[in-house]
Structure formats: C-alpha cells, structure tokens
J.: 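Take a look at the following structure, please.
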Amino acid sequence: MEELANKKQYTELLVGTSCVNLSQRVVESVKYEGWGDYSERLENEVDYLKRISTIFSEIHMSSQDYEALSPEALAEAYRQGKDTTSKIYWAECRKTKDIIWVRVDVRVAERMETGDLIAFYSNWNVTREKNMGRMMELIIEFDYDYVEYISARSGHYEIIAKESGAISPKWKGTDYDTDIRAYCEEVAVSEHLEEDIVRMQIPAIQAYLEEEPLYVQEIDIRETDGSVRRKMLRYAYMDREMGSIIKSCTDIEDIVSEEKKKQEQLEQALEAAEKANGAKSEFLAHMSHDIRTPMNAIIGMTSIAKEECKDEKIRSYLDRIEGSSQFLLGLINDILDISKIESGNLRLKPRIVHLSEFDSAIDTSIRPLMEKKNIRFTYEMKCGVNCIYADVVRFNQIFFNVLSNAAKYTQEGGEVFFTAQSLRKEEKMEWVRFCVRDNGIGMSKEFLEHAFEPFSQETNGTFMQQWQGTGLGLSIVKKLVTMMEGEICIESERGKGTEVIIDLPLTVATPEDKVEKIKPEHLRQELNGVRVLLVEDNEINTFVARRIMETQGILVEHAENGKEAVETIAKSEEGYYNIIVMDIRMPVMNGLEATKAIRSLPREDAKHLPIIAMTANAYDEDVRMSLEAGMNAHLAKPIEPQLLLDTIRKYVR
C-alpha cells in the first residue's frame with residue numbers, strides 16, 4: 001500500500017519527461033502525464049521552452065535560466081564536470097488554465113556505444129511546496145521574529161526563517177546554550193537575567209517538554225533603536241526521539257501593552273465600583289445605627305403607653321404604631337446585616353453551643369408565631385449532635401428567618417415541618433441537613449430564580465398586600481450559609497408550599513470544651529523559638545507578617561515563591577521547620593501547587609508539617625481549594641495579628 005501511495009504521489013507531481021540527444025540535436029522522446037506521447041511531433045524541437053509550450057500557454061522563466069537549459073550550455077556544463085541542472089519557473093496550463101510552479105531537473109550522460117551526450121528532462125509540479133514555503137515566509141514575516149531549529153543531542157542550531165530587521169541570535173552554530181547566553185547578555189533586559197538564561201537553555205527546555213507539549217517563556221529585548229520590547233519564545237519537539245526542537249520568537253509588546261491598558265481600565269472601574277459599594281455600605285451602616293436609637297425609644301415608649309392607657313381606641317392606635325415600628329426596625333436590622341456582609345465587615349464569632357439552647361430559642365420565638373395562626377408545627381432534631389462550635393447569633397438567625405417566612409406565608413390552620421438529620425461525618429465535622437417545609441402559598445418558578453436577591457419579592461399584588469416583608473431575609477440567609485461553608489436550595493410551587501433545604505458542616509464540641517484565652521505574656525512564651533517558613537512574594541506583606549510574628553519571638557525564614565519554598569523544605573533537616581505560612585497567588589509556583597509538592601516529598605515531616613494559607617483570596621471556593629491542596633487552615637488578608645498568632649499556636653502547640 002505504501003508503495004502504491006508513493007507511486008500515486010510520484011505520478012501526480014510528474015508533469016512530463018523528455019530525452020534529447022545533445023550531440024545530434026534530436027529529441028528522442030517527449031511524454032506529458034495526462035497528455036500522451038509527443039515524441040514524433042517534437043523530434044526536431046531541441047529548445048526546451050518551445051517544447052514545453054505545447055502544454056503551457058504562458059511560461060515565466062528568467063533569461064538566465066532559459067540560457068542555462070540550452071543544449072550548448074548543458075553540453076558545456078557537462079564538459080566542466082557538472083552533469084545535473086535544476087531550474088524553477090511558473091506557467092499556465094493550456095487546457096485547465098491552472099497556474100503551477102514547475103521544477104525542471106536535467107541530467108546529462110554519455111551514451112556508451114556512440115559517445116553522444118544525452119540529456120534527460122524531468123518536469124515536476126512543485127506548486128504546493130513553493131506555496132507552502134512562501135506562506136511560511138509571510139507567516140514568519142507577519143507573526144514571528146524568527147523560527148529556529150535546535151538539536152538537543154548535539155547543541156547545533158540554525159535559524160530557518162527570519163523577519164527582516166528583527167533582533168535574533170546568530171543564524172547558526174554548534175553550541176546553542178553558550179550562544180543563547182551571549183545573546184541574552186547582550187540584548188536581554190531583566191532583573192533576573194541568570195534565571196532567564198537558564199530557562200532558555202536546552203536542559204530546562206527538555207525537562208519541561210517531558211511533561212508538556214509546549215514550553216513558553218517571555219523576555220524583554222532591547223531593539224537596535226534602543227526600545228525594549230516583550231518577546232514570547234515557544235519551544236516544541238519536532239521529533240522527541242531525535243531530540244529535534246522547533247523554537248519560535250514572537251513580538252508581543254503591543255499585545256502586552258494593550259492588556260496592561262485594559263487591566264488598568266478594569267482596575268480603575270473596579271476601584272470606582274468598590275468605592276461606590278463601600279460608600280453605600282458605609283452609608284447604610286451609619287444610617288441604620290442612627291435610626292435604631294430613636295426607633296428603640298419609639299417602641300419602648302409605645303409599650304409603656306399601652307400598659308398605662310385604658311382607652312381601647314387609643315390602644316388600637318398604639319397597636320398599629322407598635323406593629324409598624326417593629327416592621328421598620330426589622331427592615332433596619334436587615335439592611336445593617338446585608339451591608340455588613342457585602343462590605344466584608346461581618347465576622348463570625350463561634351463559641352460552644354448546646355443545641356438545647358436552640359430548642360429553647362425555637363420554643364420562645366417560633367412556636368408563638370405558629371400558635372398565633374393555629375399552624376401545626378412539627379420540630380424534630382435527629383442529627384445525633386448535642387454540642388457544636390458555632391456563632392449562635394448567626395446560626396439562630398438563619399433558621400429564624402426561614403421559619404418566620406414559613407409562618408408568614410402559611411395560611412391559618414396550615415402545617416410547618418422543621419427537621420434535622422445527619423448526612424455524613426468528616427473527623428470532627430458533622431454535616432447536618434436542616435429542612436423547613438410548609439404547605440403555604442409557595443413561589444412561582446420565575447421568582448425562584450431571584451429568591452436570594454436583596455429586596456426581591458413575589459410580584460403578585462394580592463400576595464404583596466397580604467404578606468408584607470423586607471425582601472432581605474433569604475438574601476441574608478444565603479450569605480450566612482455561604483459564610484459557614486454550607487449549601488442552601490429551595491423547592492417551591494405556587495399554591496402547594498415551599499421546602500428550604502440547608503446543609504451545614506457543624507464542628508462537634510463537647511460540654512467540657514472551653515474557649516481558651518491566653519494572656520499576651522503566656523502567648524509569647526509558647527511561640528518563642530518556633531521556626532516559621534514565610535512564603536510570600538510581596539515585599540510589604542512580607543514585612544508586615546515578619547513583624548507580627550517576630551515580636552512574639554518566632555524565628556521567621558523567607559521564600560519568595562512556591563518553588564523556592566519546596567526546594568527549601570527539601571534541603572532542610574527533618575523537623576527543622578515547625579510551620580509554613582504560605583501565600584496562594586505567587587509567580588513561578590503558586591501556594592496550592594507548592595503545598596501539593598511539599599506533601600509529596602519523600603520525607604516523614606512533609607506529610608504532617610502544618611501549612612497555613614494567608615491570602616487575599618478569601619472566597620469560599622478559595623478556602624475549599626486550599627484545604628483540598630493539603631493546607632491546614634486558611635486566613636484572609638488583611639492580616640489579623642491575633643488570629644494569625646492564635647492559629648500558629650494551635651498547630652505547633
């Protein structure tokens with residue numbers, strides 16, 4: 001099959017052949033593929049151009065090439081020791097009007113029996129080869145500074161195409177690593193020149209290409225006019241077994257500049273949005289606090305007036321004032337909570353909580369709401385947990401909001417079920433599913449998509465008049481559940497009721513557990529001499545973290561990126577470091593990659609060495625990724641000194 005394929009390709013590329021007796025000036029044979037045998041017709045036509053014009057209507061060949069193909073020139077060349085000649089031209093086919101490139105190969109030999117010089121002509125269609133070559137030249141001219149071939153085995157290299165005027169290494173050489181060093185030392189602009197050079201040499205290229213199909217590096221190069229432009233170097237194997245590498249150099253300065261410009265615009269827009277959002281949150285927080293004070297007075301004085309007033313008509317007025325005041329205060333409290341959450345000022349304050357406290361709170365706050373509307377309320381806490389470590393205020397707030405909604409939107413004589421059951425255990429963590437289900441008015445499918453948005457309420461006018469609300473309750477619940485690293489979903493159908501499902505990871509505690517408070521002097525005694533490897537690329541962040549830790553007697557050593565941290569740990573003695581404080585987003589190797597690499601080191605302490613993430617990546621997804629990478633804890637920037645010190649103490653105690 002391969003032989004047939006080669007034969008087919010040979011036939012497709014061969015235009016025609018001819019044999020000319022140069023000594024006798026006779027054409028012995030002429031054959032054109034697809035056109036037939038022209039030997040008899042052209043036996044006296046020794047001029048190559050006239051002979052080939054039988055199938056080409058237009059031929060473009062230089063006069064020098066035409067002269068070199070004449071019988072006299074071919075015979076003279078043979079006498080001078082040159083028995084082969086090749087020329088390329090383009091022509092138009094008479095029948096098809098196709099424009100093709102033709103390469104004519106002429107071989108001259110002496111006929112043994114007569115001594116005549118015989119010329120054998122082979123005409124080849126090289127259009128594809130010629131076009132591809134030209135396309136490569138244009139691609140390189142427009143997209144690349146140069147393209148280079150490198151032999152990893154020998155170190156030989158050669159630039160196979162280059163854009164005119166581009167700064168490049170030597171055209172060819174026998175020691176790529178040495179020559180690329182000399183080139184970089186001459187024109188590269190870098191604060192880390194030695195590292196850049198090493199990354200551009202064959203060992204680094206091969207090491208990377210063993211794992212990935214493409215190796216990319218960037219470097220700044222000073223042009224002949226003195227300007228500095230960014231270049232992107234890409235390396236790939238042409239043939240891995242042979243060790244042949246293709247390298248391309250592309251000028252990306254304009255792209256980088258445009259990206260920087262876009263980044264600056266985005267940063268400015270983000271800064272403006274954050275300022276606007278911060279101003280809004282700050283305004284709402286101040287407004288809420290300022291209004292709460294007189295509102296508390298209004299509610300308090302209304303309550304006193306109701307106790308002392310005997311006039312039923314006036315008491316009815318006071319009831320309306322009290323109801324409206326409570327509604328307004330609830331709205332203010334919701335606004336304050338949502339503004340705190342959005343501005344990032346809300347912090348969970350966990351403590352040991354007995355779930356019997358939660359039972360009491362349900363009896364005190366929720367059951368009266370249900371009884372007031374004669375709602376059958378079923379409460380079943382079967383999660384197998386009696387004591388947890390949680391922010392009790394925010395924990396209660398989640399369920400009081402959901403249960404209040406259930407009571408509000410369930411008709412007189414309806415039903416509300418509140419159940420809790422264990423899902424799974426993860427060490428000291430118990431995942432519990434809480435479910436609140438009612439047979440109330442329900443929600444439309446359209447509204448469900450917006451149920452967690454602030455101030456969103458069902459748009460049905462009748463419902464809005466009958467069941468007033470702030471429209472913030474579910475939004476706050478969603479944000480609090482997210483802060484607690486849980487999940488929430490709602491299933492509802494209008495006229496049939498609503499089911500709210502909340503899955504929370506609860507840290508199991510025991511009644512004996514106590515929140516230990518350490519005096520400053522005792523904290524320093526416990527931390528004195530602890531050795532920390534601080535992995536941080538930002539100079540200011542490094543300075544701040546050092547000061548916080550060193551004031552407590554902690555011995556701090558520093559690595560600028562994840563790769564350096566891994567190498568430092570690998571070179572250190574077992575147990576030399578007590579803990580690692582690691583940034584996430586760093587150049588060369590980020591904190592997540594570094595943590596995985598450290599955990600996989602072939603040494604015992606690498607598996608148990610505490611690693612704390614200290615990063616500006618503070619979203620729930622970031623926390624999850626840190627823990628999955630093998631980190632023990634996740635602290636968000638800006639650094640809270642006491643929290644950092646307490647966390648270090650927790651893991652090295």
J.: What's the spacing between Lys247 NZ and Ile150 CD1 if we round to 0.5 Å?
T.: 5.5 Å

J.: My understanding is that only residues two or more places apart in sequence, or in another chain, count here; which of them pass salt bridge (Lys or Arg N to Asp or Glu O under 4.0 Å) with Glu218?
T.: Arg230

J.: Which residues pass the side-chain contact (heavy atoms from CB on, under 4.5 Å) test with Ile246, not counting sequence neighbours?
T.: Val147, Ile160, Ala236, Met238

J.: Looking at residues at least two apart in the chain, or sitting in another chain, which of them share a salt bridge (Lys or Arg N to Asp or Glu O under 4.0 Å) with Arg599?
T.: none

J.: Would you call the rings of Phe434 and Phe399 parallel, tilted or perpendicular, where under 30° means parallel and over 60° means perpendicular?
T.: tilted

J.: Report, as yes or no, whether the 6.0 Å neighbourhood of atom CD on Glu210 holds more than 12 heavy atoms from other residues, nucleotides or ligands.
T.: yes

J.: Can you tell me how far apart CZ (Arg181) and CG (Leu193) are? Round to the nearest 0.5 Å.
T.: 8.0 Å

J.: What are the two closest non-hydrogen atoms of Leu601 and Lys607, and how far apart are they?
T.: O-NZ, 4.1 Å

J.: Give a yes-or-no answer on whether the side chains of Tyr379 and Asp363 include a donor-acceptor pair shorter than 3.5 Å.
T.: no

J.: For the CD1 atom of Ile648 and the CG atom of Leu643, what is their distance to the nearest 0.5 Å?
T.: 10.0 Å

J.: Salt bridge (Lys or Arg N to Asp or Glu O under 4.0 Å) for Arg624 and Glu628? Distances and angles first, verdict last.
T.: CA-CA 6 Å; Arg624 182 187 63 79; Glu628 287 181 354; 2.6 Å; yes

J.: Would you sort out whether Phe400 and Ile362 count as a side chain to side chain contact (heavy atoms under 4.5 Å, CB included), showing the intermediate values?
T.: CA-CA 8 Å; Phe400 287 6; Ile362 291 290; 3.9 Å; yes

J.: Looking at side-chain heavy atoms only, is the closest gap between Cys184 and Gln201 below 4.5 Å?
T.: no

J.: Is it the case that the side chain of Tyr651 and the backbone of Asn632 share a donor-acceptor pair, with hydrogens and angles ignored and the cut-off at 3.5 Å?
T.: yes

J.: Are the side chain of Arg531 and the backbone of Gly575 linked by a donor-acceptor contact shorter than 3.5 Å?
T.: no

J.: Decide if atom CD of Gln265 counts as having more than 12 heavy atoms of other residues, nucleotides or ligands within a radius under 6.0 Å.
T.: yes

J.: Taking C-beta and beyond as the side chain, do Ser626 and Leu592 meet within less than 4.5 Å on heavy atoms?
T.: yes

J.: Hey, what do you get for CG (Asp438) to NZ (Lys408), rounding to the nearest 0.5 Å?
T.: 12.5 Å

J.: Output the distance between atom CE (Met232) and atom OG1 (Thr250), rounded to the nearest 0.5 Å.
T.: 5.0 Å

J.: Just by distance, do the side chain of Glu430 and the backbone of Val508 share a donor-acceptor pair under 3.5 Å?
T.: no

J.: Run the salt bridge (Lys or Arg N to Asp or Glu O under 4.0 Å) test on Asp251 and Lys231 for me, step by step, so that the C-alpha distance in whole Å, both residues' side-chain angles and the decisive distance to 0.1 Å come before the verdict.
T.: CA-CA 5 Å; Asp251 189 306; Lys231 308 291 182 180; 2.8 Å; yes

J.: Taking the side chain as every heavy atom from C-beta outward, state whether Ile580 and Ile569 have any pair of such atoms under 4.5 Å apart.
T.: yes

J.: Is any side-chain heavy atom of Val566 less than 4.5 Å from a side-chain heavy atom of Lys563?
T.: no

J.: Show, in sequence, the C-alpha distance, side-chain angles and deciding distance for Arg199 and Glu195, and conclude whether the salt bridge (Lys or Arg N to Asp or Glu O under 4.0 Å) test is met.
T.: CA-CA 6 Å; Arg199 284 195 289 268; Glu195 291 86 341; over 6 Å; no

J.: Does CD in Glu574 sit with more than 12 non-hydrogen atoms of other residues, nucleotides or ligands closer than 6.0 Å?
T.: yes

J.: Can you tell me how far CD1 of Ile245 sits from CG of Leu209, rounded to the nearest 0.5 angstrom?
T.: 6.0 Å

J.: Do the side chains of Thr482 and Lys478 get nearer than 4.5 Å, heavy atoms only?
T.: yes

J.: If you count heavy atoms of other groups shown closer than 6.0 angstrom to CZ of Arg547, is the number above 12?
T.: no

J.: Per the side-chain contact (heavy atoms from CB on, under 4.5 Å) rule, which among Ile598, Asn590, Ile612 passes with Met582?
T.: Ile598

J.: Do other residues, nucleotides or ligands put more than 12 heavy atoms under 6.0 Å from Lys425 NZ?
T.: no

J.: Would you check if the distance from the ring center of Tyr235 to the ring center of Tyr208 is below 6.0 Å?
T.: no

J.: Can you find a pair of side-chain heavy atoms, one from Leu644 and one from Gln552, that are under 4.5 Å apart?
T.: no

